[in-house]
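Accompanying notes for the structure given below.
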Amino acid sequence: MSDEFYMTISIPTDDEGYILLLCEHCGTFFKATPSDIEDDGVLRIFCPSCGLTSENYFTEDVIDLAMRMIKNTANDKLYAVFKKLERYNKRNNTIKFKVGKRIKHETEDPIRSGIEALEVANFPCCRRTAKIKPLLKMTGAYCPFCGVKNYEIE
């Protein structure tokens, strides 16, 4: 049995192809396209509100789904190990060991793309776009791709 396993979580995009991100420092929601986020030319993602970088920008929905998926997978692997131990002990007859019922899986509801009150902002420094709060468009925002403060965003 392998000690490693891989899971894939599908993060949906909105109608215009942007995914929802959350700054772990200030709690600001913003959106960027997956192609911009995964681009090798973008070294870090900056929060458009506070200008700081984070280790991750996953929303609570993504983290909750990941935790449920991990818990379900771990429970399945533990059940399989104990079931194997039960079969082994039946043959040896030294210790009585009986596995109970399989633990019921927690629901793994798909993630929905929320927060539709964000507006597209053009960042001329990187020639890219992101969706940010309308207030940030008026007061100025940091470019999510290079961290430059832009005022009067179109």
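Here the closest heavy-atom approach between residue D36 and residue T129 is recorded as OD2-O, 3.8 Å. Nearest approach of C50 to H25, heavy atoms of both residues: SG-CB, 4.3 Å. When all heavy atoms of T8 and M69 are compared, the pair lying nearest together is O-CE, 3.7 Å. The shortest non-hydrogen separation linking I19 to P12 is CG2-O, 3.6 Å.
Two residues are said to be in side-chain contact when any heavy atoms from C-beta on lie closer than 4.5 Å; I37 and L21 meet this criterion. With contacts defined as side-chain heavy-atom distances shorter than 4.5 Å, the pair T73/D76 does not qualify. Within the 4.5 Å cutoff, side-chain heavy atoms of L136 are placed close to those of S49.
Aromatic pair F30/Y18: ring centres not closer than 6.0 Å.
A distance-only check finds a donor-acceptor pair linking the side chain of D14 to the backbone of G17 [under 3.5 Å]. At least one donor-acceptor pair under 3.5 Å links the side chain of K137 to the backbone N or O of V120.
A salt bridge is absent between K31 and E16: the closest approach of a Lys/Arg side-chain nitrogen to an acidic carboxylate oxygen does not fall below 4.0 angstrom.
The cationic group of R128 lies under 6.0 Å from the six-membered ring centre of F145 and within 45° of the ring axis, placing it in a cation-pi geometry.
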